[in-house]
Each structure stands twice: as C-alpha cells, then as structure tokens.
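Notes follow the structure.
Computed over heavy atoms, backbone and side chain alike; hydrogens, waters and symmetry mates excluded. Note that ligands are numbered from 1 as they come in the structure, with each ligand's atoms numbered from 1 the same way.
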Amino acid sequence: MSHADRDHAVNPSSAADSSPRPETLAVHPPHVEITGSRPLGVPLHQGHVFAFDSADDLATAFTSSTAFLYNRLGNPTVRTLEDAVARLEGGTAGISFASGMGAINSVLQGLLGSGDHVIAQTCLYGGTYAVLTDLAARWGVDVTYVSGTDPEEVRAALRPETRLLYLETIANPTTRVSDIPALASVAAEAGVPVAVDNTFASPLLCRPLDHGADIVVHSATKYLSGHADVLGGVAVFKGPDLYDRVRHHAVEQGASTDPFAAWLTLRGMQTLSLRMERQCASAAELAGRLAAHPAVEAVRHPALASHPDREIAARLLSGGGGVISVDLAGGRDAGRTFVESVRLASLSVSLGDVKTLVMHPASTSHHQLDEAALAAAGIGPGTVRLSVGIEHVEDLWEDLEQALTKAV
Ligand SMILES: *Cc1c(COP(=O)(O)O)cnc(C)c1O
C-alpha cells in the first residue's frame with residue numbers, strides 16, 4: 001500500500017477523492033482508529049472543536065450539556081476530570097475550571113444577585129474574601145461573617161434574602177475545622193444551600209456532601225493535582241438545580257479548563273490517596289515534635305490534642321491534613337529567618353505539593369492586615385505555614401530543626 005493509499009484509507013473524510021496535495025495533507029493528518037485495544041491512561045483530547053457528520057446532530061449539540069462541540073462547552077478529557085472528582089466527592093456532576101478561583105467565582109456569581117445575602121466563615125481564602133468584597137461593592141451583596149464552629153451564629157445571621165452559606169473544611173493558615181454538619185443543618189432548615197471549599201482536606205479526608213453541603217469547590221492546583229505543575233479548579237454538585245445555574249454562568253464566564261491541564265490533574269489524582277496518607281502521617285509527626293521545641297510557642301494541626309476543633313476534626317476528618325501552622329516564639333524576625341533557613345523545604349506559596357513548602361503569612365498572603373486584623377484571623381507575626389510533602393519525615397525534621405536553631 002502506498003502512503004497516499006494508506007492516508008486515504010484511514011481518513012476517508014479528508015478533502016478530495018483524488019490524492020490531496022501537500023498543503024492539504026498538512027492540515028488533514030490521518031485519523032488513527034484504535035481497534036482491539038484501548039489506552040490504559042486517559043487520552044488527551046487537546047483539540048478544541050469537534051466535527052459532525054449530520055447537521056441535526058450539530059443542531060442538537062447546541063442545546064445539550066453533554067455533547068462535545070467546542071471546548072468551552074465540554075471536552076472528553078475535561079469531562080473525565082469532572083466525573084472523576086464528582087465521584088470522589090459523592091456528587092452527581094462536576095464542572096472543571098481553569099483555576100480554583102474560576103470555580104469559586106462561578107459558584108458565587110452564578111448563585112448571587114443584587115441585594116442577596118451570604119453567610120461566610122471569617123477565616124476565608126484571601127481570593128474568596130476579595131470576590132465577596134467586590135460583589136458587595138458592585139452588586140450590594142451583603143455578607144455576614146461567622147466563626148464556622150457555632151450553628152447558633154448562623155441561625156442569628158439568617159435573613160429572608162440569604163442565598164448561600166459558604167465554608168471551608170480546613171481554614172488557611174489556622175487549620176480551624178468548620179462544623180459542616182451542624183451549620184449545614186441550620187441552613188437546610190431555612191432552605192439555604194451550602195458551599196464548602198474542600199481544598200485543604202481533599203475528598204480523601206472529608207466529603208462535605210455527605211455532611212449536608214450542596215456544593216464542593218476545589219483548587220485542583222493543590223492536593224488533587226499534587227505536583228505543582230498545573231492550575232485548576234472543580235465544583236461538584238449534589239443535585240441538578242444548582243449545577244445548571246452555575247454551569248450556565250461558567251460557560252458565560254469562560255474560565256474553562258485546558259485539556260492538558262485536566263489531563264495533568266487526572267494524572268496527579270491517581271496517587272492522591274497515597275500522597276494524602278503520607279502527608280497526613282508526616283504532618284502529625286512533625287506537629288508533635290514542633291510543639292515540644294523551645295523555639296516554638298504554639299502549633300496548630302487538626303491531629304493535635306491541643307487543637308481547638310479537635311472534637312469536630314475527629315468527627316469529620318479521616319486525617320489531620322498536610323498543613324501545619326507554627327507560631328515561633330521570636331515573632332516576625334524569627335518567622336522570616338525560619339523560612340529563609342530551610343534547605344530541603346522551599347519558600348513558596350501554595351500547598352498540597354509532593355515537595356514541602358514553607359511561608360510566612362504575615363509578610364506575604366496576609367501582608368495587608370495590621371497586627372489586630374492578623375490576630376483576628378488567627379495569625380501571629382511569627383506564624384509560619386508548612387505544607388508537608390512526601391519526603392522522608394526524618395529528612396524533613398532535620399531540616400526544620402536546623403532552621404529553628406537559627407530562628408530563635
Ligand atoms: C489556592 C486556593 C484557592 C484558589 O485556587 P487557585 O487554583 O489558585 O485559583 C481557593 N481556595 C483555597 C482554600 C486555596 O488554597
């Protein structure tokens with residue numbers, strides 16, 4: 001069989017019956033059909049537009065949320081990620097986004113309108129707090145902040161125009177754990193849906209939908225993907241109504257996921273359970289050792305007996321998570337010295353990576369807060385945040401210990 005015959009045979013729809021010219025062949029590569037076997041890994045469908053054989057099929061695809069015609073509306077690799085995270089979280093459907101903020105923004109803007117009211121927990125991811133502040137300024141969306149642990153605070157904050165209760169399973173960087181079931185049941189009595197940012201816990205430690213939440217959002221950039229090589233976000237829904245409203249807005253917003261990003265996230269997710277297991281075990285071990293170190297004033301990690309939400313964590317989480325916050329006795333200078341003195345750990349924002357990361361919130365993520373506002377957010381001038389990776393725990397301890405001797 002000549003090259004021309006073979007190309008024609010595998011791609012009968014290509015251009016003309018006569019042998020196409022090189023200019024044409026360049027834009028019509030042969031379509032390789034796989035028969036008798038299938039890829040073990042998820043295939044990467046990077047193309048953004050899909051071709052149809054029938055005009056009716058294309059017309060139908062325009063009104064369907066499951067057909068593939070254009071990537072902003074759906075892509076098989078991205079759909080695989082949406083379905084995978086939805087199944088992990090025990091939801092009925094998911095929507096994937098270009099980043100965690102894309103997911104959070106689409107949920108908030110998709111569900112809130114002018115004059116609506118939201119109840120949110122005080123210690124929120126900074127980007128989420130910024131969106132709520134912006135919605136308040138632009139649309140008059142009113143926000144009441146609650147601690148996240150007291151259902152009576154939620155009951156007192158409810159209004160007829162309350163449209164959403166927004167929580168985080170484990171807060172940043174305090175590691176406070178919200179009492180999702182207690183708060184969600186108060187919201188449910190009032191018919192108010194509950195959204196939970198489950199980034200810090202991952203579905204391996206907690207499935208908020210099982211505890212009364214209606215929507216779960218993730219920054220897939222963190223634990224889900226796990227390798228600091230991709231940005232992503234996913235929202236998962238318990239039922240179809242909220243899904244439809246957010247998807248409608250998401251398509252308009254256009255924060256859709258690049259298929260390669262979805263593919264990388266799916267690749268990382270295959271080891272999520274192994275990474276979480278190691279990261280939780282190492283974080284618990286390091287938290288205990290740090291708490292006993294003379295340069296350390298206080299340590300917060302949900303697995304510690306001293307954690308303020310120990311009882312909630314025991315009910316809700318199947319592990320303490322990989323993030324530790326440590327208050328150094330030497331204050332701001334000690335915090336900064338510590339993050340510059342680690343050798344194995346990296347001075348970096350973000351979390352959930354296979355590598356251990358450290359940062360000093362008071363001079364970075366929370367730099368806009370004065371001492372009083374920092375204290376209200378549970379952050380001291382000498383607080384450092386550790387996101388524990390999968391390195392050997394003794395190598396990590398040696399690194400933290402040598403950095404602590406410099407940060408006194
Ligand atoms: C990082 C993060 C986000 C934002 O996610 P991006 O992927 O950076 O947009 C939202 N919530 C939490 C808890 C996060 O840690």
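- For Val217, no heavy-atom contact with ligand 1 is shorter than 4.0 Å.
- Considering only non-hydrogen protein atoms, atom 4 (C) of ligand 1 sits nearest to Tyr125 CE2, 3.4 Å.
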_For a side-chain hydrogen bond (donor to acceptor under 3.5 Å, both in side chains) check, start with the C-alpha distance between Asp56 and Ser54, then their side-chain angles and the critical distance, and finish with the verdict._
CA-CA 5 Å; Asp56 279 349; Ser54 114; 5.3 Å; no
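- Not one N or O of Thr128 is nearer than 3.5 Å to an N or O of ligand 1, by distance alone.
- No side-chain donor from either of His293 and Glu401 sits under 3.5 Å from a side-chain acceptor of the other.
- Interface of Phe200 with ligand 1, defined as ligand atoms under 4.0 Å from a residue heavy atom, comprises 13 (C), 15 (O).
- Counted within 6.0 Å of CG on Asp370, heavy atoms from surrounding residues, nucleotides or ligands total more than 12; the atom is thus considered enclosed.
- Of all atoms in ligand 1, listed by their number and element, those nearer than 4.0 Å to a heavy atom of Ile104 are 10 (C), 11 (N).
- Close N/O approach between Ser219 and ligand 1 is found [any backbone or side-chain N/O within under 3.5 Å].
- Under 3.5 Å, the side chains of Ser178 and Glu168 contain no donor-acceptor pair of N or O atoms.
- A donor atom on one side chain and an acceptor atom on the other are found under 3.5 Å apart for Gln46 and Asp258.
- In this structure, Gly232 is part of the shell of residues with a heavy atom less than 4.0 angstrom from ligand 1.
- Those atoms of ligand 1 with a heavy atom of Asp197 less than 4.0 angstrom away are 10 (C), 11 (N), 12 (C), 13 (C).
- Looking only at protein heavy atoms, the nearest one to atom 14 (C) of ligand 1 is Lys222 NZ, 3.0 Å.
- Test Asn172, Leu351, Ile170 against Val323 for side chain to side chain contact (heavy atoms under 4.5 Å, CB included) and you get one pass: Leu351.
- Between Tyr129 and Tyr145, the distance separating the two ring centers is shorter than 6.0 angstrom.
- Between Met101 and ligand 1, an N or O atom pair is found at a separation short of 3.5 Å.
- Using modelled atom types and a 3.5 Å distance limit, the side chains of Thr169 and Asn198 yield a donor-acceptor pair.
- Checking only distances, Gly100 does come within under 3.5 Å of ligand 1, N or O to N or O.
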